[in-house]
Amino acid sequence: MHPIITAFESSPDRGQGLARDMRVRWALEEVEQPYDVRLVSFRAMKEPAHRALHPFGQIPTYEEDGLVLFESGAIVLHVAQRHAGLLPEEPDARARAIAWMFAALNTVEQPILELQVAKFQEGDKPWSAERLPLIKDRIRARLGELSVRLGDADWLDGTFSAGDLMMVHTLQRLKPSGMLDDYPDLAAYVARGEARPAYQRAFAAQLAVFTGQRPS
Ligand code: GTB
């Protein structure tokens with residue numbers, strides 16, 4: 001039995017790969033682990049059957065041999081710990097790669113999510129115009145710091161790891177805003193992630209859900 005993940009039946013990003021099932025698909029492709037996908041509608045996500053898998057009624061989830069996981073970070077970490085290819089063997093390097101996963105989710109993604117909320121859920125509020133520049137400043141501060149740390153390296157800490165996977169996917173969420181364009185090194189870092197064959201396979205698979213085609 002392959003692990004089963006859940007994804008949007010109809011993703012609001014229209015197949016751009018921005019929903020969080022993409023991280024899980026990408027991780028599974030990196031470790032060459034076949035998987036099955038169960039597509040869920042927004043309504044089904046809030047029903048008891050799905051909430052039994054995900055207490056917050058969201059995607060992605062992961063089921064394998066009686067294990068049920070939610071939270072994309074926890075799922076990617078589980079995949080990376082169970083299969084070779086996404087975490088270094090050497091214990092200190094492994095710990096640092098995991099730290100980068102947390103950095104992506106807790107430190108870099110946080111202001112990016114604030115921007116999404118401010119634009120799309122609170123854009124009509126009277127204070128929105130004042131709040132947006134403050135959030136953008138917070139994002140720029142993180143991008144600047146990340147750019148300094150990346151320097152001339154291809155990846156955040158040696159070879160590509162689950163830390164890079166989470167960071168690249170987190171940064172991709174900024175593409176529609178154009179904010180990454182001011183950081184050519186980070187844009188190139190994201191492009192390196194996107195050029196990986198495993199990313200390409202994962203992207204094609206989630207795009208096929210939107211177009212209704214089978215990935216070749
Ligand atoms: N912290 C959780 C994780 O990392 O797994 C967050 C999970 C989450 O936010 N899931 C979203 C969801 O299920 C989908 S990915 N939303 C439905 C709901 O909450 O009712 C977030 C997302 C949605 C849409 C776009 N987009 O259109 O670009 C991008 C990302």
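One-based numbering, in listed order, for ligands and for the atoms of each.
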Problem set entry | Shortest protein contact, atom 24 (C) of ligand 1 (heavy atom only) | Pro12 CG, 3.9 Å
Exercise. Which residue owns the protein heavy atom closest to atom 13 (O) of ligand 1, what's the atom, and how far is it?
Worked result: Ile59 N, 2.9 Å
For this session: Specify side chain, backbone, both or neither for Phe8, according to which of its non-hydrogen atoms lie closer than 4.0 Å to ligand 1.
Result: side chain
Exercise. How far is atom 5 (O) of ligand 1 from its nearest protein heavy atom, and which residue and atom name does that atom have?
Worked result: Ser72 N, 2.8 Å
Problem set entry | Flag, side chain of Arg94 to backbone of Pro88, donor-acceptor distance under 3.5 Å | yes
Exercise. Ligand 1 versus Gln16, non-hydrogen atoms closer than 4.0 Å: side chain, backbone, both, neither?
Worked result: neither
Exercise. Considering only heavy atoms, which of Arg23, Glu71, Met166 lies nearest to atom 3 (C) of ligand 1?
Worked result: Glu71
Exercise. How about Thr107 and Glu145: do any of their side-chain heavy atoms sit closer than 4.5 Å?
Worked result: no
Exercise. So which protein heavy atom does atom 8 (C) of ligand 1 come closest to, and at what separation?
Worked result: Arg20 NH1, 3.4 Å
Exercise. After noting the C-alpha distance and the side-chain angles of Ser72 and Arg23, does the key distance pass the side-chain hydrogen bond (donor to acceptor under 3.5 Å, both in side chains) rule?
Worked result: CA-CA 7 Å; Ser72 59; Arg23 301 168 174 180; 3.1 Å; yes
Seminar exercise, completed: re atom 19 (O) of ligand 1, the protein heavy-atom contact at minimum distance is Gln58 NE2, 3.0 Å
Problem set entry | Reported CD1-to-NZ distance for the pair Ile135 and Lys119, which is rounded to 0.5 angstrom | 10.0 Å
For this session: Consider ligand 1: state whether an atom of it lies below 4.0 angstrom from any non-hydrogen atom of Phe56.
Result: no
Seminar exercise, completed: for atom 26 (N) of ligand 1, nearest protein heavy atom and its distance come out as Asp13 CB, 3.5 Å
Exercise. Can you find a non-hydrogen atom of Lys46 under 4.0 Å from ligand 1?
Worked result: yes
Exercise. Going through the checks in order, is the side-chain hydrogen bond (donor to acceptor under 3.5 Å, both in side chains) test met by Tyr189 and Asp154?
Worked result: CA-CA 7 Å; Tyr189 169 65; Asp154 278 354; over 6 Å; no
Problem set entry | Cationic N near anionic O, under 4.0 Å, Glu194 to Lys175 | yes
Exercise. Taking only heavy atoms of Pro60, which atoms of ligand 1 are found under 4.0 Å from at least one of them?
Worked result: 5 (O)
For this session: Take Glu29 and Arg196 through the salt bridge (charged side-chain N to carboxylate O under 4.0 Å, His left out) test and state the conclusion after the steps.
Result: CA-CA 10 Å; Glu29 292 288 353; Arg196 294 179 69 82; over 6 Å; no
Seminar exercise, completed: Per-atom filter on ligand 1: closer than 4.0 angstrom to a heavy atom of Arg173 are 22 (C), 29 (C), 30 (C)
Problem set entry | Phe42 and Phe8 aromatic centres sub-6.0 Å | yes
Exercise. If we ignore angles and hydrogens, is there a donor and acceptor under 3.5 Å between the side chains of Gln33 and Tyr35?
Worked result: no
